[in-house]
Each structure stands twice: as C-alpha cells, then as structure tokens.
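Below: the structure, in structure tokens.
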Protein chains: 2
Amino acid sequence: MTASRGRAPVSRRERPAKPALSRDGIVAVAVRIMHEEGLEKATMRRLAQELDTGAASLYVYVRNTAELHGAVLDQLLTTIDLSPEAPAGQWRERLIELLGAYTELLFTRPSLARSALTLRPTGPHYLRLVDSLLALLRAGDVPVRQAAWGVDLLVQLATATAAEQGTRKETGAGDDLTFYVRDVPAGEYPDIARVGDELISGTGRQRGRWAFEALIDGIATTGTPAG
Amino acid sequence: MTASRGRAPVSRRERPAKPALSRDGIVAVAVRIMHEEGLEKATMRRLAQELDTGAASLYVYVRNTAELHGAVLDQLLTTIDLSPEAPAGQWRERLIELLGAYTELLFTRPSLARSALTLRPTGPHYLRLVDSLLALLRAGDVPVRQAAWGVDLLVQLATATAAEQGTRKETGAGDDLTFYVRDVPAGEYPDIARVGDELISGTGRQRGRWAFEALIDGIATTGTPAG
DNA sequence: ACCTGAACACCGTTCAAGT
DNA sequence: ACCTGAACACCGTTCAAGT
C-alpha cells in the first residue's frame, strides 16, 4: 500500500521497457515460436534474441534445452480437457478419446513429439493426464499393476505415433512405404508379399484407433508376473 | 583372368593408398564410429575426416544424414539371427524373442533408436525382419489385416522403448521418475497415489516382456474395422 | 544474484570450381 | 562423373567479467 508515489514503474525513457526475464516468459516465447514455426526454431539463441538478451542469460532459468521442451509440452497440455467424467461403461471410449487428443496435440508438432519421447515429462499437467488415464483404467477394473505398467505404454504409443507420422508428413518420406510393399520381391519376402496391400490399408485414423483398442485390450487382459 | 600383369594396383608411391570412396565404405566407417563412440559422433564431417576427404564428397553416395542412418541400421540388423523356425505352438515365444533381440540391439545405441523412430527403414535386412515377424503372426493364425497393422506396432514399441530407456540410461534422467511417484501430492493426483510404487515396479526386462505380451495379445484378439 | 559478450567446439548442406 | 574447399547459416553450453 506504500505505492509508487508519482514515479511510473517503467524505465526512465518512454521506449518500450525491456521486460524482466523469467522462466514463464521464456517458455511463453518458446510456445509462440513453436506454434508459428515449429519447436525446432525455438533454439536458445533465437529465444534470447526475441527476449533481447544473450543466450547465456537463459541458463539462469532453464537447465538446458531438454528441460525447456518439457516445460513447453506441459504448457501445451493445458489445452486438453480432462474434465468430462466417463459415463458408466464408457471408460474405454473415453480412454481412446483422451489418448487421441494427446496424439493429435503432438501430431501437429512433430519436433515436440520427438522430444517428448526421450523426456519423461513431470510437469503438473502431464501428471494430470496420467492421473486421468489411470482413473479410466480403474473404472475398467484393470488390475492395478497392469494399469500402472500400461499407462506408460499408452502414452508411449501416442507419442511415438505422433513422432513417426508427424515427421513423415513433414519430410514427405511416407510415400516410400506405398512403393516398397509393391516392389518387394515375392520370392525373397513371401510373408510381406502375402499380406500385400494390407500393410498400407486403412486411414491413419482407423489404424490409430485400432492400435489403441488393441493395446488397451492387451493391457486389460494380460497378467503381469507376480511380485 | 587377364590379371594385373606386374603393376601393383596401388598408388604410385608406397604411402597407404587413399581408398576410393563408396557407399559401403562410408557406411562401414559410420558403423565403426557408432560402435566406438555412438552414432551421434558419426557426423558427415567426421566421416569425411576419417575418409580423408571433404564432407561434400559424401553427398555423391548418400542423400543425407537420415539415409545414412537407415543404412547403418540395416547393417546392424545383419547380426540378428532369423533362421530358427518356431516349433509348433511356439510362435508367441519366438516372436517375443525376436522383438527382444531387436530391442536389445537398439538399446545400446540410443541415438540409432531415435533415428529409427522417424526413419521407416526399407533396407533388405529390415524387410527380412518384418517378413519373419509376419510369418510368426501367421503361424499364430492372426488375421491378415491384424498382422499387417500389428507388425508396425510391434516394431514401433521395440524402437520407442529402446529410444526412451536407452536415452535415459545415457543422460541419467531416469531417476526423476523414482522420485516423482513418491513426491506427488496424493490430494491432487489421487490415482497416481493409488497405484503408487507399481508405477516403477518390476525390472526393465519384466516390463518389456509384459509389454510385448500385452501388445501381441491385443493384436491377435482385437478386430479391425471391415473394409 | 543476475546478466552479458565472447569463445569453444561443433553441425548439415550447397555451390562454384576444378579434374 | 567425381571430388573439393569454402561458404552459408546455423547450433548448445560455458566462462570470465561486469553490475
């Protein structure tokens, strides 16, 4: 309450004051650049440039690039709506929906997906997501250890799918596959020849949905070793 | 048979002749460096240096770094023994064994695993592996579309697991997890608190094996959409 | 404590010029 | 066709020196 009598809390001259650095500020700029140009452009040097400072200054607030990417992921996770309770008997549907939302989120940010794969995120919003997934598995009466081990698998599938598909969409490397299944010599690879076009059948959505269904089924029904 | 009469096929002076560049030669050096120091050291510049040339010269033989990594992976895949036929009724065991061998191969080369994840390999030895996996799924009477869609998933799980675990082993970032499951406030994340230590229970091997079992079960029993 | 410029030790890829 | 040096356009991180 002993306020700033008279003197404005801005810098001496009228020029736009250089805002103080902060972890949140750095992350916010990284998120913006990611949306506009992709995470790979949100380098330490670029961030520093946008914040009108030197790259070295950022290291006061973030340990390294990996940690920064973790913070960006957690920020992005705020956009996933975790609130809907699954109606009774609908846990499977809701689980697939949630995993689909997470996949889609990463799908349009392939470089974030690639980072997330080697990150083991620990941010609050990531923990919220994991907690929600566990709640749904519990609603489905999945034994506790299977749920605990399985939740990792589900998230990994989502992340890896996004990293893989998203990157290929980016580099246009996907068409190789369409080619190779047809060009494969049937004599040398009889089983590839046998399944033929099934290797590339279905839409990305259909395959993604089926993948989650299959993995959830396996998690729910396959017993873990005792211990 | 019109052999090199008299003149030795080496360079004029006795100095070690600079061997001609070739795609195989480049890949061989990359494989050696990967074994000795990790794939991340096998950069274009380093390769060129070892081959006593400029980095630009390599681009005559490989399109880019991604393609080079694909060739390295295929080379490494020659070490997996695909020959054993699965005894009747043992397809599941053999499938897990094969996937385990692939995982282990990548596990000690995390940077290769990370590359493989976004690569969609098409080398002959990779196709052999896929063919073998498909043969085993056929031996298990898995419907053809489920096998075709599932084989991708199995390979992805192996690759992602290796990339994730291997990297953490490398950077020592894994211990975070051990911490966070205990430090998580039970009030905010009730389901994480409920499963508690199960989130980190079991050895890497046990979890890996269970993951493959669960996914194989799901692939074998979950129907794909008609079409 | 926070911030900085400069340095260290690198990258992948392209290109004009040579042979 | 193959090979090259040099250039272009970058990286992450550390460190001594300032405030």
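The figures here come from the full heavy-atom set of this structure, side chains too, leaving out hydrogens, waters and symmetry mates. Residue numbering restarts at 1 for every chain, and letters A, B, ... go by the order of the sequence lines.
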For this session: Could you tell me whether A:Ser57 contacts a base, only the sugar-phosphate backbone, or nothing, with contacts defined as non-hydrogen atoms closer than 4.0 Å?
Result: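 It contacts base atoms.
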For this session: Please say which of A:Arg109, A:Arg46, A:Arg32 ends up in a salt bridge (charged side-chain N to carboxylate O under 4.0 Å, His left out) with A:Glu37.
Result: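 Only one option passes, and that is A:Arg46.
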Exercise. Between OG1 of A:Thr159 and CD of B:Glu164, what distance do you get to the nearest 0.5 Å?
Worked result: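 Between A:Thr159 OG1 and B:Glu164 CD, I get 7.5 Å after rounding to 0.5 Å.
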Exercise. Once you round to the nearest 0.5 Å, how far does CG of A:Leu95 lie from CD1 of A:Ile216?
Worked result: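 Those atoms lie 4.0 Å apart.
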Between [atom2] of [N] and [atom1] of [X], the distance in whole Å:
X       : N      : atom1 : atom2 : answer
A:Leu58 : D:dG12 : CG    : C1'   : 11 Å
B:Asn64 : C:dT14 : CG    : P     : 8 Å
A:Tyr59 : D:dC15 : OH    : P     : 12 Å
B:Arg23 : D:dA1  : CZ    : P     : 19 Å
A:Glu40 : D:dG12 : CD    : C1'   : 16 Å

Problem set entry | Test: B:Arg120 and B:Asp152 ion pair at under 4.0 Å |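 Looking at B:Arg120 and B:Asp152, the cut-off is met.
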For this session: Between A:Ala56 and A:Val60, name the one whose nearest nucleotide on DNA chain C is closer to the 5' end.
Result: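 It is A:Val60, whose closest nucleotide lies nearer the 5' terminus.
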Exercise. Using a distance-only test with no angle check, is there a side-chain donor-acceptor pair under 3.5 angstrom linking A:Glu198 and A:Ser201?
Worked result: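 There is such a pair (donor and acceptor under 3.5 Å, judged by atom type) between the side chains of A:Glu198 and A:Ser201.
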For this session: Could you tell me whether the side chains of A:Asp81 and A:Ser83 share a donor-acceptor contact shorter than 3.5 Å?
Result: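 The answer is yes; a qualifying pair exists.
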For this session: Check each residue of residues 42-52 of chain A for a non-hydrogen atom within less than 4.0 Å of any atom in DNA chain D, then write out the ones that pass by number, or none.
Result: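 Residues of residues 42-52 of chain A that come under 4.0 Å of DNA chain D are, in numerical order, A:Thr43, A:Met44, A:Arg45.
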Problem set entry | Close side-chain approach of B:Leu58 and B:Leu68, heavy atoms under 4.5 Å |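 Side-chain contact under 4.5 Å: no.
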Exercise. Dot-bracket for DNA chain C: what is it, with Watson-Crick or G-U pairs under 3.5 Å, [ ] where a pair crosses earlier ones, and | for a pair to another strand?
Worked result: ||.|||||...|||||.||
For this session: Locate the shortest heavy-atom distance separating A:Ser57 from A:Leu21; write the atom from each residue and the value.
Result: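 Closest pair (atom of A:Ser57, atom of A:Leu21, distance): CB-CD1, 3.8 Å.
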How far, in whole Å, is [M] from [N] if one measures between their [atom1] atoms?
N      : M      : atom1 : value
D:dC2  : C:dC15 : C1'   : 15 Å
C:dC10 : D:dA9  : P     : 23 Å
D:dA7  : D:dC3  : P     : 23 Å

Exercise. Donor-acceptor pair, A:Glu104 side chain versus A:Ala101 backbone, under 3.5 Å?
Worked result: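 Side chain of A:Glu104 to backbone of A:Ala101: no pair is present.
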